[in-house]
Amino acid sequence: RQMCIRDSGRLDVLICNSGVMTRPVGDPFGDDFADWLKPEFYHRIRGVNFDGVVYGIMTALPHFRRNGGGAVCIVGSLAGLQLETEDPFYVMIKHGINGLARSLGPALKPSNITVNALCPGG
């Protein structure tokens with residue numbers, strides 16, 4: 001952020017792209033919920049995939065307002081639009097990211113700030 005503003009004098013676009021999963025792709029959780037229901041898994045996913053997006057947006061908003069507008073692009077996931085059992089925490093957070101984009105977009109429209117989510121699949 002600081003380098004962008006230092007070099008160009010402004011911030012116009014924020015791309016929030018994070019996507020860590022609880023476990024490596026293809027690594028099964030097992031039959032027991034206790035296999036995946038662990039605080040360390042939850043905190044990692046929430047910290048990177050959700051808090052990173054939220055704090056990034058919070059940091060960018062004053063710059064966008066000062067510039068008269070801006071654009072936020074959040075990289076969500078198809079996992080946030082449908083049921084997937086491979087990584088429940090990841091799915092939960094991506095649903096939250098999509099909800100954030102849907103709610104924040106209309107709220108920031110009067111400030112000429114757009115918020116969109118891209119939802120690629122695996």
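Numbers for residues simply follow the sequence, beginning at 1.
- Cluster membership check: V53 does not share its hydrophobic cluster with V91, using side-chain heavy-atom separations under 4.5 Å among Ile, Leu, Val, Met, Phe, Trp and Tyr.
- A 6.0 Å sphere centred on CG of L78 holds more than 12 heavy atoms belonging to other residues, nucleotides or ligands.
- Counting only distance, with no hydrogens or angles, the side chain of N98 and the backbone of G80 share a donor-acceptor pair below 3.5 Å.
- Taking hydrophobic clusters as Ile, Leu, Val, Met, Phe, Trp and Tyr residues chained together by side-chain heavy-atom distances below 4.5 Å, L100 shares a cluster with V20.
- I93 and I15 fall into different hydrophobic clusters, defined by Ile, Leu, Val, Met, Phe, Trp and Tyr side-chain heavy atoms under 4.5 Å apart, directly or through other members.
- Minimum interatomic distance between I97 and F50 (heavy atoms only, all atoms of both residues): CD1-CD1, 3.5 Å.
- With rounding to the nearest 0.5 Å, the separation of CG in L104 from CG in L61 is 7.0 Å.
- Nearest heavy atom pair, residue M92 against residue Y42, reads CE-CE1, 3.4 Å.
- Cluster membership check: M21 does not share its hydrophobic cluster with L83, using side-chain heavy-atom separations under 4.5 Å among Ile, Leu, Val, Met, Phe, Trp and Tyr.
- With rounding to the nearest 0.5 Å, the separation of SG in C119 from CD1 in I74 is 9.5 Å.
- Using a 4.5 Å cut-off on side-chain heavy atoms (C-beta onward), F64 and V72 make contact.
- Put simply, the side chain of N112 gets close to the backbone of G68: a donor and an acceptor are under 3.5 Å apart.
- Contact between A101 and A117 at its shortest, heavy atoms only, is CB-CB, 3.8 Å.
- Under the 4.5 Å side-chain heavy-atom criterion for ILVMFWY residues, no single connected hydrophobic cluster contains both V75 and V54.
- When the side-chain hydrogen bond (donor to acceptor under 3.5 Å, both in side chains) test is applied to H95, no partner is found at least two apart in sequence or on another chain.
- Here the OG-CG distance, from S18 to N49, works out to 4.5 Å after rounding to the nearest 0.5 Å.
- Residues E84 and Y90 have side chains not in contact (no heavy-atom distance under 4.5 Å, counting atoms from C-beta outward).
- Of the possible polar contacts, none joining the K109 side chain to the V115 backbone as a donor-acceptor pair under 3.5 Å is found.
- For R65, the side-chain hydrogen bond (donor to acceptor under 3.5 Å, both in side chains) test picks out no residue, with sequence neighbours left out.
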